[in-house]
Amino acid sequence: MKIATYNVNGVNGRLPVLLRWLEESAPDLVCLQELKAPEEKFPLQAIRDAGYHAIWHGQKSWNGVAILSRYGLPAEVTRVLPGDPEDLHSRYIEAEVEGITLGCLYLPNGNPAPGPKFDYKLRWFERFTMHAAELFASGKPVVLAGDYNVIPTEHDVYKPERWVDDALFLPETRAAFEKLLSQGWTDALRKLYPNETIYTFWDYFRNAFGRNAGLRIDHFLLSPAVDKRLKEAGVDKFVRGWEKSSDHAPVWIELKP
DNA sequence: ATGACGTCGTACCGACGA
């Protein structure tokens, strides 16, 4: 089973790229982030024609998350992150598929920091960590995939010194990620490639992709039951080189049956 | 310190992203 996550940066503007990638990479399950489309503008027909069922939580202009599945309609568990009824951002959706609980997240960027946006990021992170603890305690197979907007270590950024004041790399952000991992989750890409340079995002500016000036901010966290099945993982970096690409590249894992 | 670039909305610039 191949599971992928892809921050598409606009699901409608990105539709040709998304469909081409689905065809070429052929994931079984997909988490999408940054749909940037209201609920009713999700391109369901095109996704269905590509062979996927879908659930999604849209929002006008910003955010928006979706889960695609080749197996049938994902059984939705929740489309909000618990813990704050006032939070109206579409940043989390969770479903049960093929015996796996799949959480698709788009963690807040948090810039500029310090400031209210950074405060929101840390609050959201705390809520997510609480929810993750419950999922972990269930003992079920769980995959938490998406755009975490966290550069976990200095090995996950092309030039760490340029990012020390950035919300993606500040000590509080990294500590929050560490705290989450300490529940027992496996960072799938890092586990398989402990010493590789792995990036999942390259800025549109300054020829960042050409210079490989990237960040690793899209992550797969696996509960032990899924970790045991981890066979392979990677980044579809070639997609970032396509015309009209997102600034993120798709990331995927492959699980043994 | 800023802006480079790209997306979306009601839009011919501003907000936001990372």
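Lettering of chains follows the sequences in order, A, B, ..., and the numbering in each one begins at 1. Heavy atoms only: backbone and side chains are in, while hydrogens, waters and symmetry mates are out.
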Problem - Base partner of B:dG14, which must satisfy Watson-Crick or wobble distances under 3.5 Å - result: B:dC8
Handout entry: Candidates B:dT10, B:dA18, B:dT7 - which lies nearest the side chain of A:Lys60
Key = B:dT10
Problem - Result of checking A:Tyr106, A:Tyr120, A:Trp62 against A:His89 for side chain to side chain donor-acceptor pair (under 3.5 Å) - result: A:Tyr120
Problem - Donor/acceptor link under 3.5 angstrom from A:Asn149 side chain onto base of B:dA18 - result: no
Exercise for the section: Could you measure between the two P atoms, the one in B:dA1 and the one in B:dA18, and give it in whole Å? Expected result: 22 Å
Practice task
Check every atom of B:dA18, B:dC16, B:dT7 against the side chain of A:Lys117 and return the nucleotide holding the closest atom.
Solution key: B:dC16
Exercise for the section: Could you check how far CG of A:Asp165 sits from P of B:dT2, rounded to whole Å? Expected result: 13 Å
Completion exercise
Rounded to whole Å, CG of A:Leu35 lies from P of B:dG9 at a distance of 12 Å
Practice task
Using the P atom as the reference point in each nucleotide, state the distance between B:dC5 and B:dT10 in Å, no decimals.
Solution key: 26 Å
Practice task
Check every strand shown and say whether A:Ile151 touches a base, only sugar-phosphate, or nothing at a heavy-atom separation below 4.0 Å.
Solution key: nothing
Exercise for the section: Give a yes/no on whether any side-chain N or O of A:His248 is located under 4.0 angstrom from OP1 or OP2 of B:dA18. Expected result: yes
Practice task
Answer yes or no: is there an ion pair linking A:Asp156 with A:Arg174, defined by an N-O contact shorter than 4.0 Å?
Solution key: no
Problem - A:Asn9 vs B:dT7: side-chain N/O to OP1/OP2 distance below 4.0 Å - result: no
Handout entry: Heavy-atom neighbours of A:Glu24 CD exceed 12 at 6.0 Å
Key = yes
Completion exercise
When rounded to whole Å, the CZ to P distance for the pair A:Phe201 and B:dG6 reads 12 Å
Practice task
Sticking with atom C1', work out how far B:dC12 lies from B:dT7, rounded to a whole angstrom.
Solution key: 15 Å
Practice task
Please answer: with hydrophobic residues joined when any side-chain heavy atoms are less than 4.5 Å apart, are A:Val97 and A:Ile47 in the same cluster?
Solution key: no
Practice task
Using a 4.0 Å heavy-atom cut-off across all strands, classify A:Asp147 as base, sugar-phosphate, or nothing.
Solution key: sugar-phosphate
Problem - Whole-Å P distance, B:dG14 and B:dA4 - result: 13 Å
Exercise for the section: State whether A:Asn7 places a side-chain N or O below 4.0 Å from either non-bridging phosphate oxygen (OP1 or OP2) of B:dA18. Expected result: yes
Handout entry: A:Lys191 atom NZ, neighbour heavy-atom count above 12 within 6.0 Å
Key = yes
Fill in the blank from the handout: Quick note, A:Arg206 side chain, CB onward, closest among B:dC16, B:dA4, B:dG9 is B:dA4
Exercise for the section: Answer with yes or no whether the side chains of A:Gln33 and A:Thr5 bring together a donor and an acceptor at under 3.5 Å. Expected result: yes
Fill in the blank from the handout: When A:Lys36 and A:Tyr106 are each assigned the nearest nucleotide of DNA chain B, the 5'-most assignment goes to A:Lys36
Problem - Integer-rounded Å distance: B:dG17 P and A:Asp166 CG - result: 12 Å
Exercise for the section: Answer yes or no for this row: A:Phe205 ring on B:dA4 base, centroids under 5.5 Å, planes under 30°. Expected result: yes
Completion exercise
Picking from B:dG9, B:dG6, B:dA18, the nucleotide nearest the side-chain atoms of A:Arg14 would be B:dG6
Practice task
Assess whether atom CZ of A:Arg211 is packed by more than 12 heavy atoms of other residues, nucleotides or ligands within 6.0 Å.
Solution key: yes
Problem - P-based separation of B:dG6 from B:dA11 [nearest Å] - result: 23 Å
Problem - Rounded distance (Å) that lies between atom P of B:dG6 and atom CH2 of A:Trp62 - result: 16 Å
Practice task
Tell me which nucleotide among B:dA18, B:dT7, B:dG17 gets nearest to the side chain of A:Asn111.
Solution key: B:dA18
Problem - Length of the line joining A:Arg174:CZ and B:dA18:P, which is rounded to integer Å - result: 18 Å
Practice task
Using a 4.0 Å heavy-atom cut-off across all strands, classify A:Trp163 as base, sugar-phosphate, or nothing.
Solution key: nothing
Exercise for the section: Rounded to the nearest angstrom, tell me the gap between atom CD in A:Glu243 and atom P in B:dT7. Expected result: 11 Å
Exercise for the section: When you get a sec, tell me which of B:dC8, B:dA18, B:dG17 is the closest nucleotide to the side chain of A:Arg91? Expected result: B:dG17
Problem - Integer-rounded Å distance: B:dC16 P and A:Lys121 NZ - result: 16 Å
